[in-house]
Amino acid sequence: MAAALAAGTVPAVATAQESAPEAEAQDGQSIVVTGFRASLESAVNKKKTAEQIVESVSAEDIGKLPDASIAESIARLPGLTSQRVSGRSNAIAIRGFAPDFSTTLLNGREQTSTGDNRAVEYDQYPSEVVSAVNVYKTPMASLVGQGLSGTVDMRTIRPLDAGKRIFTVGARGSYADLGKLNVGSDDLGYRVNGMYVDQFANDTIGIALGASYTDEPYQIQEFNAWGYDPTPDGNRVITGQKSYNTSTKLKRLGLNGTLQWRPVPQFTSTIDAFYSNFKDDQIKRGIEMPLYGNATLNPGYTAENGLITSGSFDDVKGIVRNDVFQRHAKLYSFGWNNKWEGDNGWNAMFDASYSKTDRNELTVESYSGTGRFPAGATDTVGFLSTSQGARFTPGLNYGDWSQIVLTSPQGWGGTQIAPDGTAIRGGQDGYYNNRKVKDELWQFRTEVEKKFDAGALSSIQVGWNYTNRSKSLVPEEYFLGLAANTDGLTSVPVPEQYQLGTTDLKYLGLGPVISYNPLALIDDGIYNLVANPYGDVVVKSYAIREKVMTAYAQANFKADLGVGEFTGNLGVQANWTDQNSKGATAVYLGENANGSPNVGSLPRNNSADYLDVLPSLNMSLRLPSDTVIRFAAAREMIRPRLDDMRASLSWNSTIVGGVAQVTGESGNPDLRPWRANALDLTFEQYFGAKGYVAAQFFWKELKSYVYKMDVTVPTDGLALQDPGNGIPISDTAQLNVPINGKGGKLYGVELATTLPFETFTSALDGFGVTGSVAYTKTKIAPEPGQPSGDLPGYSKWVANGTAYFEKWGFNARGSVRYRSTFIGEVSGFSANRVRRRAAAETIVDAQIGYDFQPDSALAGLSLYIQGQNLTDAPFITTNPGDTRQIIDYQTYGRRFLAGFTYKF
């Protein structure tokens, strides 16, 4: 198998073409296995020969992975699963841990992220420019940047190892079967890609260039309930709802390039570059309805086992929402690697890399209704709670342009005056929140290795790595106020030139709503932007710098024990971490002369440093029967979430019983990592390089963990926003702070197989299955002194399977993946991430295709048709303790794709 060291000792997996196994035909001619079968065999070969416990996926062909995205491909590996966001798999959970507990590398190098934390979001990386992905479930000392649950290493092609000229192009079209949910949205999209690989100057110079462009729509039907509160008779009822038709346009340009120079066989210099320009633009149109506690629950409702399942509310003042969510990110990644492999057993490597992400995340809320609070017509709304969320029967037509106007139906925010004197009166007409995130990472690494020709000790590696990472968040938040509303009483009909028709919320029973583009109203001065001066905005800014020095030593061994070959490695890493966090605490200083709040800030600048020593052991006994028994033991760690380390404190309030209940959240710059002791034991039976069955047992004891603890503090002196309408603020507030504490245990078993049926009989040549089932048990207390509970992202059961047929150019496969219930992250108020209990889900995909054979005039052309989410599986979250209390019910629909790749 061809391999190249892009950064250190972690080898790149050859592409399917490079490693396609050969079988002897009856006439002595070799038959090259290609396509999906070659991809599986390459992954099996990688797993068999690796010294760690590793799962792999490699490209079927340059520019085509087995699935539509990298995350979907990785999610099919044993013990792994994904969480869908906007219908796309973009975050990976390994062995029951949330994405925060793993690390993602590109060609062995750490990467910045487009999220608020460390976890990489995989839809930033086009699958067409990645040739292989390795998931390391056990660490070794020479693997720098490793995670606690695992380490994902994405690899791009090494042109000198490809050994031949390759030129491929591909394209596909996509169709979202939910249709065009919003005016101006699309249900058709496309994706194009190309890859060029070549060698020059007697194979001493190699170049690989890849490009991918995506322009695809996603459609989502989103039901969301505020919650469920108790009534005087002890039943619970829905307190409000905010539901949308959401239309997303995803545009992404991905470019990568690799230049290699090998002037002599012993020396290779490699330069890698990767660029991604990612734009996720959403328009969300729907209705928000404050219900119980804001409207009158009519008698005669129906209650079943403590839940009011049907009834009606009077005096409902609905808010028609036309919201925009835009997430734009640019990611840059560069690396330069130099490796010397001497003839005398001495090897040396130096690697330098840089990764940067610039992200803007804009959320714009725009409100309309029957009139400015308290004026305007109210509605009588019937409701019916179902397994798919509530359904409603309104009495008003929310698509009537003469009745629904730009306004503040609930008077939220009251009158707001900025320090510069600009004001909104009688309630905000919307909200503008622009979050600017910058993430930058430098990494330098060097290593020396000595190989030995005799004895059980095969080599020793000694290395050093330095990583300097900085991440900052700067929010810009404004109240939207109608420019014409100078008296606090004025509402404005949507001018005709901005009217875009109506959007039908028929899946909720709500009917049509007026539709317009709020950004156009802002640009043309219909709305004024009034800066939010309150402390909850001031303290959202933070800047975190993290410097990590890593030294490691690793001994690799290989010995013949008679009964089998004994291989593995023993090593230790020492990590010195110096972390610094800058933020602020808001202080209320009274009112300015114009009535605006005078909010000051107390800067916070905290630093901490600590040392972690991480020993690791990987052992494999390879028996003549093609059986491999592995054992691994290690100390593992992952540093805290970056947003948990922020030196800032923010507040928010919720109206409960006519009183503003205040809650706050603060970071902790002194946080230490999650740390764990881990053991792994696996039994693997291989069938040559074509298939295997395996049982993998693992156990992790978390010696430290990061908890969130509530602390009660008085509200006197806090820089709090006036809730308006004369509503009082509670005397005390609950402050939620992350702290370090003891952890718990997590253990489980993974059963996995890749099995071509030709193993049993040649009559089934071309048929096969691959898949796994994983069971994980956790005993971790979410808070000190509390009963053990589930980790965020933890599913007790994870299963996946793919059945395939591939022969004579035809290929077909169907895949299913399942995960049991888990705690997932969704977008909450002001784009903040909140955790909710998600229901179990099963995703079904399928693909058929044809590869024209070498004797055809169209040799090199592959055609395929894909169906994704064929059962239209929803994403559901519920209130704890009662799965009937649906909080989120999101439907993404099915996606159908047709495309081709052509290899010259």
Side-chain angles (χ1 to χ4, degrees), residues 1-14 18-19 45-46 48-52 54 107-109 134 136 139-144 153 155 157-163 199-206 258-272 335-353 443-466 549-561 565-574 615-620 622:
M1 179 180 68
L5 295 180
T9 60
V10 184
V13 174
E18 300 169 56
S19 58
N45 188 52
K46 170 63 181 177
K48 182 178 181 180
T49 59
E51 296 302 340
Q52 296 167 270
V54 62
N107 291 319
R109 306 178 178 107
N134 303 321
Y136 298 97
M140 63 180 178
S142 58
L143 179 59
V144 173
D153 188 15
R155 290 279 163 173
I157 192 170
R158 309 288 86 183
L160 288 180
D161 294 327
Q199 303 80 34
F200 308 93
N202 295 322
D203 292 338
T204 61
I205 296 176
T258 298
L259 176 64
Q260 284 190 297
W261 180 47
R262 188 176 292 159
V264 293
Q266 297 85 356
F267 177 74
T268 303
S269 184
T270 304
I271 297 175
D272 289 297
W336 180 37
N337 180 265
N338 296 277
K339 183 169 178 64
W340 174 268
E341 294 180 302
D343 297 329
N344 56 358
W346 284 97
N347 301 328
M349 180 275 298
F350 172 77
D351 190 89
S353 63
Q443 185 175 10
F444 302 93
R445 182 175 177 183
T446 186
E447 180 185 285
V448 176
E449 179 184 22
K450 172 59 177 175
K451 292 185 176 180
F452 302 100
D453 295 329
L457 185 64
S458 58
S459 69
I460 294 178
Q461 299 166 249
V462 178
W464 169 90
N465 183 86
Y466 174 73
M549 190 86 71
T550 302
Y552 63 87
Q554 178 175 304
N556 304 295
F557 47 84
K558 182 177 182 180
D560 188 352
L561 301 184
E565 187 179 55
F566 180 62
T567 66
N569 55 71
L570 172 66
V572 63
Q573 263 190 21
S616 61
L617 170 68
N618 291 275
M619 299 187 298
S620 299
R622 304 173 185 276

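Please read all numbers here as calculations on a predicted model, not as lab measurements.
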Completion exercise
OG1 of Thr268 to CD of Glu341, rounded to nearest 0.5 Å, is 6.5 Å
Exercise for the section: Answer whether the closest heavy-atom distance between the side chains of Leu143 and Gln52 falls below 4.5 Å. Expected result: yes
Practice task
Return the set of residues passing side chain to side chain contact (heavy atoms under 4.5 Å, CB included) with Ala454 (not counting sequence neighbours), or none when no residue passes.
Solution key: none
Completion exercise
Correct closest heavy-atom pair for Pro159 and Thr258 would be CD-CG2, 3.7 Å
Exercise for the section: Indicate the ring-plane relationship of Phe566 and Phe557, choosing parallel, tilted or perpendicular according to the 30° and 60° boundaries. Expected result: parallel
Exercise for the section: Check whether any side-chain heavy atom of Thr204 lies under 4.5 Å from a side-chain heavy atom of Pro263, and answer yes or no. Expected result: no
Problem - Passing candidate, side-chain hydrogen bond (donor to acceptor under 3.5 Å, both in side chains) with Ser142, options Gln554, Gln573, Glu449 - result: Gln554
Exercise for the section: For Asp560, look at atom CG and say whether over 12 heavy atoms of other residues, nucleotides or ligands are found less than 6.0 Å away. Expected result: yes
Exercise for the section: May I ask you to check whether Asn569 and Asn618 show a side-chain donor-acceptor distance below 3.5 Å? Expected result: yes
Practice task
For atom CH2 of Trp261, decide whether the heavy atoms of other residues, nucleotides or ligands shown that lie under 6.0 angstrom number more than 12.
Solution key: no
Problem - With sequence neighbours excluded, residues passing side chain to side chain donor-acceptor pair (under 3.5 Å) with Thr550 - result: Asn575
Handout entry: Residue Lys48 excluded, over 12 heavy atoms near NZ under 6.0 Å
Key = yes
Practice task
Mind checking the OG1-CG spacing from Thr270 to Asn107? Nearest 0.5 Å is all I need.
Solution key: 9.0 Å
Problem - Over all atoms of both residues, closest heavy-atom pair of Ala162 and Ile157 - result: CB-CD1, 4.2 Å
Exercise for the section: State, with a plain yes or no, whether a side-chain heavy atom of Glu565 is found less than 4.5 Å away from one of Thr567. Expected result: yes
Handout entry: Pairwise distance CD(Gln260) to CD1(Ile271) - rounded to 0.5 angstrom
Key = 10.5 Å
Handout entry: Any residue meeting ring pair (Phe, Tyr, Trp, His ring centres under 6.0 Å) with Phe200, in chain and number order, not counting sequence neighbours
Key = none
Exercise for the section: Only counting residues at least two apart or in another chain, list the ones meeting side chain to side chain contact (heavy atoms under 4.5 Å, CB included) with Phe452. Expected result: Lys450, Leu457, Ile460
Exercise for the section: Classify the side-chain pair Ser458/Asn556 by whether it contains a donor and acceptor separated by less than 3.5 Å. Expected result: no
Handout entry: 4.5 Å side-chain heavy-atom contact, Gln199 and Ile205
Key = no
Handout entry: All side chain to side chain contact (heavy atoms under 4.5 Å, CB included) counterparts of Thr446, not counting sequence neighbours
Key = Phe350, Trp464
Exercise for the section: Answer yes or no: is there an ion pair linking Asp272 with Arg158, defined by an N-O contact shorter than 4.0 Å? Expected result: yes
Exercise for the section: Measure across Ala141 and Ser616 and return the closest heavy-atom pair with its distance rounded to 0.1 Å. Expected result: N-OG, 3.3 Å
Practice task
Please identify each residue that fulfils side chain to side chain contact (heavy atoms under 4.5 Å, CB included) with Ser353, with sequence neighbours left out.
Solution key: Arg109, Asp351, Gln443
Completion exercise
dist Arg262:CZ -> Lys339:NZ (nearest 0.5 Å) comes out at 11.0 Å
Practice task
Measure the shortest side-chain to side-chain distance between Arg445 and Met349 over non-hydrogen atoms and say whether it is less than 4.5 angstrom.
Solution key: yes
